[in-house]
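Working notes, beginning with the structure itself.
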Amino acid sequence: MSQKIRAIKGMEDLFATKPVQVWQSIEAQARSLFERAGFQEIRTPIVEETALFERGVGETTEIVEKEMYTFKDRNDKSLSLRPEGTASVVRAFIEHFTDHQIQEGRFYYMGPMFRYENPQKGRYRQFHQIGVECFGQDHPGLDAEIIFLLDQLLRSLHLNQFELKINSLGSSECRQNYLSALKEYFTEHRSQLAEEDLQRLERNPLRILDSKEPQSQEVIGQAPDLSDYLSSENQSHFLAVQNFLKNLGVPFQVDSRMVRGLDYYEKTVFEFISTDLGAQSAIAGGGRYNRLVKSLGGPVVPAIGFALGMERLVSLLSADRLNLKSLTKIFFAALDEESEKYFSALLPQTRQLSAVTQVDWGSSSLKSKMKRAARWGAEWVVLSGESEQQKGVLILRDMKASTQEEIAREQLLDVLKRISE
RNA sequence: GUGGGUGUAGCUCAGGUGGUUAGAGCGCCAGGUUGUGGCCCUGGAGGCCGUGGGUUCAAGUCCCAUCACUCACCCCA
């Protein structure tokens, strides 16, 4: 036997009926909500020039430094599979929309993203995101509207057990000031920090704030607070966001230690987390990125967006709460060739029914046909063999009740229509 | 990249301190029941015990390596 080819590590086939239905219903719900909020779908390529992500996501981020699927094409150009959605949407926005007088746009997307990481619960190399990007305004009301949209989506899916954390990172100047203050503070107290965190001190002091090292907690607790370094304009923006959220009835917690891993965020950032998701607690996250459009070569256009992790969300949703509707299953069992031809000729009409219909081709025994019907989950079996042929009738079996009746051929479609409602 | 756990039948898993022909449940196939699924009974197929090497008279079992899966760190959705 030749070597079995398997799916790539961290990439999954999704095929079982129930999970697929859950995905479909999430996607449908998202579309419906987003469209009503004035967003239009955008589908960008999965592959982009590597430089887009380097400049967009940030060259020193974890994602770009060691998690990208990067390769050369036949022309020796460096390409990468997208590790996230925002950079591509911004690129497309600059390419197609910024020549208008009004530089605005509301977009949503859904699709696979790729990061070369070691897989674990809630983390994959190919994973799927649903995201939203909104260009053109820097208003706290919009920040709240975007958060509300995401909150609404999660609630409409009957997701329980999640909470919203928000924070403001301030503008880049505020952040610079804060960063140096933070660095100074941790350097002073370096003896009390854990080994791990000493390394972070060099690379990215912000990360020490959400360190889980027990040893460091005390120092972290007394570290300078980002909120003290926000400019008054940023402070009032953040307060306004909170007030708008209250108006909208969206519960939230301010977490002044929350920092996010992508470089482009500033001002409002937020994260939806779940307590019963294992170590990967973030279901969705996002924030404002007012300078990204410009730094990718576009005009100055403020923007805000979020991304939602499909796999994580799906793992939290129980299929029965989504009340997935399933169609009646009708199985056609033909016992001779004449009956096969008859069922075949019937297909154009049976496919009009709001039912799942399946013809069992081939000359296996009735017993094995019945077995197949049961295994498939058929609720009804339409049976035809030689004697039915001669009498011009069919047998309709109710699999659940284990009863059956003879019906005239002419009545079949009416009867099927009735049972599939 | 680092650490832990697990790899035995299609699936879920048993197989003290090495010992002769590797098991169970479920599933699958056939028959009991000639044209009727589930329940029951009988029978059957299906295993290089992840892979490679080593120790031993003897390895599913011990040792080393390697691969895969999985959880966790890091980071993120």
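- RNA chain B lies under 4.0 Å from at least one heavy atom of each of the following residues of residues 370-377 of chain A: A/Met370, A/Lys371, A/Ala374, A/Arg375.
- The distance between atom NZ of A/Lys121 and atom C1' of B/U70, rounded to the nearest whole Å, is 11 Å.
- Spacing between B/G1 and B/C62 at atom P, rounded to whole Å, works out to 28 Å.
- Contact check on A/Glu84 versus A/Arg82 returns no salt bridge, with no Lys/Arg side-chain nitrogen under 4.0 Å from an Asp/Glu carboxylate oxygen.
- Judged as a side-chain hydrogen bond (donor to acceptor under 3.5 Å, both in side chains), the pairs with a partner in residues 169-184 of chain A (not counting sequence neighbours) are, in order, A/Ser171-A/Asn234.
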Check: protein-nucleotides 67-69 of chain B nitrogen or oxygen pairs below 3.5 Å:
from, atom 1, to, atom 2, distance (Å)
B/C69, OP2, A/Lys9, NZ, 3.2

Can you give the dot-bracket line for RNA chain B, where a pair is Watson-Crick or G-U wobble with both atom distances under 3.5 Å, crossing pairs use [ ], and | marks a partner on another strand? (((((((..((((.....[...)))).(((((.......))))).....(((((..]....))))))))))))....
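- Within 4.0 Å of A/Glu117, counting heavy atoms only, lies at least one base atom of the nucleic acid.
- Contacts of A/Glu271 classified as side chain to side chain contact (heavy atoms under 4.5 Å, CB included), with partners at least two apart in sequence or in another chain: A/Met258, A/Arg260, A/Ile273, A/Ala282.
- The stretch residues 330-339 of chain A participates, sequence neighbours left out, in these side-chain hydrogen bond (donor to acceptor under 3.5 Å, both in side chains) pairs: A/Asp336-A/Ser339, A/Ser339-A/Ser384, A/Ser339-A/Gln389.
- Residue contacts shown for A/Leu383 include a base, since a base heavy atom lies under 4.0 Å away.
- Nucleic acid contact for A/Glu386: base, since at least one base atom lies under 4.0 Å from a heavy atom of the residue.
- The base of B/G35 lies close enough to the side chain of A/Glu388 for a donor and an acceptor atom to sit less than 3.5 Å apart.
- Annotation: A/Tyr69 is in aromatic contact with A/Tyr116 [ring centroid separation under 6.0 Å].
- Residues A/Glu12 and A/Tyr124 both approach RNA chain B. Their nearest nucleotides, taken by heavy-atom distance, put A/Glu12 toward the 5′ side.
- Between the side chains of A/Ser295 and A/Arg55, no donor-acceptor pair of N or O atoms lies under 3.5 Å.
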A/Ser80 and A/Val47: side-chain contact (heavy atoms from CB on, under 4.5 Å), yes or no, with the steps? CA-CA 6 Å; A/Ser80 294; A/Val47 185; over 6 Å; no
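- In this model, no donor atom of one side chain and acceptor atom of the other lie less than 3.5 Å apart for A/Glu133 and A/Tyr108.
- Remark: the separation of the P atoms in B/C63 and B/U6 is 12 Å, to the nearest Å.
- At a cut-off of 3.5 Å, with distance as the only test, a side-chain donor of A/Thr86 or A/Tyr264 sits close to an acceptor on the other residue.
- With hydrogens and angles ignored, no donor-acceptor pair closer than 3.5 Å exists between the side chain of A/Ser368 and the base of B/G37.
- Ring centroid separation for the pair A/Phe252 and A/Phe272 does not come in under the 6.0 Å cut-off.
- Within residues 332-342 of chain A, the residues approached by RNA chain B to less than 4.0 Å at the level of any non-hydrogen atom are A/Leu335, in residue-number order.
- Every side chain to side chain contact (heavy atoms under 4.5 Å, CB included) that A/Ala30 has, sequence neighbours left out, goes to A/Phe34, A/Met110, A/Ile130, A/Leu153.
- Taking A/Glu12 as the reference, A/Tyr124 meet the side chain to side chain contact (heavy atoms under 4.5 Å, CB included) condition, with sequence neighbours excluded.
- Within a heavy-atom distance below 4.0 Å of RNA chain B, the residues of residues 392-415 of chain A found are A/Ile395, A/Arg397, A/Met399, A/Ser402, A/Gln404.
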If you restrict it to nitrogen or oxygen atoms, what contacts under 3.5 Å exist between nucleotides 40-45 of chain B and the protein, and what is each distance?
none

Going by atom type alone, with no hydrogens or angles, which donor-acceptor pairs under 3.5 Å involve a side-chain atom of residues 411-421 of chain A and a protein atom two or more places apart or on another chain?
from, atom 1, to, atom 2, distance (Å)
A/Ser420, OG, A/Leu416, O, 2.8
A/Ser420, OG, A/Lys417, O, 3.3

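- Here A/Thr61 lies out of heavy-atom contact (under 4.0 Å) with every strand.
- To the nearest whole angstrom, the two C1' atoms, one in B/A77 and one in B/A65, are 37 Å apart.
- In this model, no donor atom of one side chain and acceptor atom of the other lie less than 3.5 Å apart for A/Asn167 and A/Ser256.
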